[in-house]
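One-based numbering, in listed order, for ligands and for the atoms of each.
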Amino acid sequence: MNIAKVIIDLSLDKSFDYLIPDELQRRVHVGVQVHVPFGRSKRRGYVLNIVAESEYDKPLKSILSIAERHCRIPEKLMELGRWMAEYYCCSREKAVRALLPGAVRSGKVKHKILRLFSVATPCEAEKFVIEHTDCKRRAGQVSVVKYLLTAQSVAQEQLLRGAGVTMSPVNSLLKKNIISEEKRIVRRDPFADITVVRSQPLTPNPEQAKALQTISGVLANPGDRHVVLIHGVTGSGKTEIYLQTIARILETGREAIVLVPEISLTPQTVQRFRARFGDLVCVLHSRLTEGERFDEWSKINDGLVKIVVGARSALFAPFRNLGLIVVDEEHESTYKQNEAPRYHARDLAVMRGKMENAVVLLGSATPSFESYYNAKQGKYLLVELFKRVDNCSLPQVKLIDQRLGISEPGHSNLFSPVLVNAIKDRLNAGEQTILFLNRRGYARQMMCDVCGFVAQCHSCSIAYTYHKKRESLACHLCGDVIRAYTRCPQCNSDKIRYSGSGTEKIESLAHGIFPTARIARMDSDTMRQASSYEDVLGHFKRGELDILIGTQMIAKGLHFPNVTLVGVLNADQGLYIPDFRSGERTFQLLTQVAGRAGRGDVSGEVLVQTYNPDNETIKYAVRHDFINFYKYDMAVREACHYPPDGHLTAVFFRSANLAECRQYALDFMEYLRPLCQPGITVTEPAPAPIERINGKYRYRIIFRGKKLHPLQQQLRRMLLQAKPVKGLDVYVDVDAYSLM
Ligand code: ADP
Ligand code: ZN
Ligand code: ZN
């Protein structure tokens with residue numbers, strides 16, 4: 001066993017074999033970072049595996065050394081990586097790559113080093129002037145010297161920022177032993193500007209106490225069932241349960257991972273954890289700088305923190321003594337990664353928990369059908385919280401039947417009279433309103449009234465969305481943007497019509513209907529900078545805005561006591577997407593949006609405009625009735641064995657050449673057909689609902705069945721060996737969420 005399979009810089013989908021020299025035999029393990037010769041250069045890599053023989057037919061080179069800063073992926077995490085590769089049908093290299101943040105992998109980001117100088121012989125130091133490189137701050141010259149002298153008189157050691165001081169003079173001082181230097185790692189701090197007020201554990205209410213008791217049982221005996229699903233309405237105190245469970249985990253000397261959806265990973269969320277656990281908490285999310293991410297990860301790796309709060313990939317935090325994983329809002333589809341490895345962080349959390357003997361808490365007001373099903377089957381423990389902590393009742397939800405088509409003159413049918421009056425009441429009372437529409441832009445499509453021309457993206461099979469302010473047409477799939485037409489490019493008519501409203505239009509209509517109201521919009525068009533999100537929320541929180549209009553960005557986890565009205569402009573929007581989960585998603589979204597109302601002293605009202613007031617999903621959502629919605633929708637799924645009653649895996653084929661794409665999909669299917677055991681239902685190769693994205697045609701095969709694992713293993717083998725024609729790619733999406 002003296003050959004190591006090494007992934008170089010983790011950027012190639014392939015590992016390379018190296019001999020392990022005798023002197024390193026005892027230090028080279030799976031997951032260890034090493035230096036290896038590669039071509040004519042020296043590279044860093046990670047040991048993926050250790051084997052006895054190599055299939056490479058030329059003489060092997062040897063590992064040069066172990067990376068100086070001991071960076072080793074914990075063994076249990078490597079095991080998770082291997083499992084992920086097998087289950088999600090991708091190469092081990094891809095899976096292992098996902099275990100590390102890019103900043104750590106690339107080796108480009110380094111620790112920030114602070115140079116510490118201390119005065120060895122104070123009287124000698126007086127004779128030297130240390131030059132300052134920063135010309136604008138000439139005073140620095142003097143201050144450096146003074147600094148050194150006072151440092152001596154006040155304390156033995158003082159910090160000098162190395163950055164501003166030129167090397168040579170300091171070096172000469174160093175050489176003459178007048179000053180001495182020490183290098184220290186400083187951690188970049190994403191919380192540098194934020195002070196937190198410490199919070200104390202709250203006395204649990206009866207429902208929370210019961211939940212904590214159940215969790216205690218699991219903590220005492222996790223081998224049995226290690227997953228607890230907390231189904232609790234918004235504001236029922238789930239977060240307090242997480243906090244108290246973490247405290248218990250810390251007492252036993254173990255660590256905790258808290259996953260939250262990226263979108264709700266706001267400073268407020270993180271502060272709740274920091275308020276309780278201070279500097280034991282670090283964060284991992286996409287808005288950190290590369291340097292910050294490197295340091296936060298290193299803090300975990302070096303054992304300096306015990307808790308990480310982060311988005312999906314924080315699941316791979318290199319803790320070595322993990323005791324707990326919390327997955328908040330576990331139903332969120334953003335937990336599913338949409339490129340290889342196409343893992344679902346919640347499912348992977350359950351697996352990591354199992355491997356590490358850690359407890360897993362899944363929390364949601366609208367659990368995913370998968371988790372609820374597992375709870376009902378007895379695989380997970382179920383804890384239910386029906387009451388809001390503050391005893392506020394859940395908001396009153398009223399349906400507004402839009403079919404009658406009555407609207408304020410000139411207001412289009414987007415604002416029903418009931419909604420308009422309700423908003424006016426709030427404006428008069430000095431209360432706030434949230435308006436929700438899950439579509440950004442001004443209009444969903446631009447069409448010519450004379451010849452029927454619809455402006456469509458040239459690379460994708462969808463219509464361009466019209467953005468009025470920018471006078472542009474944008475493709476929401478590939479990001480292409482062109483100037484909006486003033487005349488039809490086909491017949492030159494100026495009878496251009498826009499249909500299907502988005503948030504931008506809602507905003508401009510609202511300005512017209514409520515001329516004195518202070519209005520802001522929050523969607524990914526207005527939130528281009530990371531700070532805008534916090535800015536707008538800050539304004540809203542301080543009461544400097546009356547109406548906040550937004551997409552699902554405003555639906556999640558926000559807490560505004562003065563919001564007494566939530567208007568859902570079009571509840572039907574997501575209902576008729578050809579996807580068996582469209583009802584589930586609509587239910588989740590409506591429940592979440594409704595949860596934004598009445599979180600203060602005044603009770604809230606939610607008005608839901610719909611053209612389908614008799615739709616079952618909408619009716620259950622209005623009643624906040626998850627349990628019966630689940631029964632209703634689950635019956636439909638069981639009838640056709642859709643997940644969670646069985647599994648679903650999709651294979652996608654993409655190519656700019658339609659004929660090749662189609663042929664390859666058909667051939668692939670013929671190869672697989674004999675491998676499909678009885679009980680597996682196949683949707684034959686066909687164009688995906690969105691036939692073309694980014695210039696590539698897309699074909700799709702869907703497999704469904706109670707047991708798909710053996711087939712998936714075959715698929716994985718085929719995929720890893722396949723060498724499809726150039727420009728064609730195939731991928732397998734296990735437990736696919738997006739079927740479009
Ligand atoms: P959820 O996570 O279920 O939406 P939170 O944990 O955010 O609910 O709780 C809602 C509010 O109630 C928070 O402000 C929280 O501090 C408060 N809270 C939670 N538990 C208690 C308790 N036992 N006693 C008093 N206040 C509580
Ligand atoms: Zn035309
Ligand atoms: Zn496009």
*Salt-bridge test for Lys468 and Glu504: reply yes if a basic N is under 4.0 Å from a carboxylate O, no otherwise.*
no
Quiz item: Does the gap between the ring centers of Phe386 and Phe626 come in under 6.0 Å?
Solution: no
At under 4.0 Å between heavy atoms, what of Pro204 touches ligand 1? The answer is backbone
**OP:** Using a strict cut-off of less than 4.0 Å between a Lys/Arg side-chain nitrogen and an Asp/Glu carboxylate oxygen, indicate whether Arg312 and Glu332 qualify as a salt bridge.
**Re:** no
So, is Cys457 placed with an N/O/S atom under 2.8 Å from the Zn ion (ligand 3), counting both backbone and side chain?
yes
Atom 3 (O) of ligand 1: of Lys238, Glu207, Gln208, the nearest heavy atom sits on Lys238
Self-check item: Donor on one side chain, acceptor on other, Ser216 and Arg248, under 3.5 Å
Solution: yes
Cys448 SG to Cys488 SG via the Zn ion (ligand 2), rounded to 10°, gives 110°
| request: In plain terms, say whether Lys398 and Glu605 are close enough for a salt bridge, that is, a side-chain N and a carboxylate O under 4.0 Å apart. | output: yes
Note: ligand 1 atoms sitting under 4.0 Å from heavy atoms of Glu240 are 6 (O), 19 (C), 20 (N)
Between Glu240 and Arg272, is the closest basic N to carboxylate O distance under 4.0 Å? no
- Message: When you compare the side chains of Tyr620 and Asn628, does any donor N or O come within less than 3.5 Å of an acceptor on the partner?
- Response: no
Measure the distances from the heavy atoms of Arg388 to every atom of ligand 1 and state whether one is below 4.0 angstrom.
no
Note: Arg272, heavy atoms under 4.0 Å from ligand 1, region reported as side chain
message: Side chains of Thr564 and Arg426: any donor to acceptor distance under 3.5 Å?
response: yes
Counting backbone and side chain alike, does His476 bring an N/O/S atom below 2.8 Å of the Zn ion (ligand 3)?
no
Judged by heavy atoms only, the candidate from Thr239, Val233, Leu202, Thr203 nearest atom 6 (O) of ligand 1 is Thr239
Row for the Zn ion (ligand 3): angle SG (Cys475) to SG (Cys460), 10° precision, value 110°
N/O to N/O below 3.5 Å, does that happen between Gly235 and ligand 1?
yes
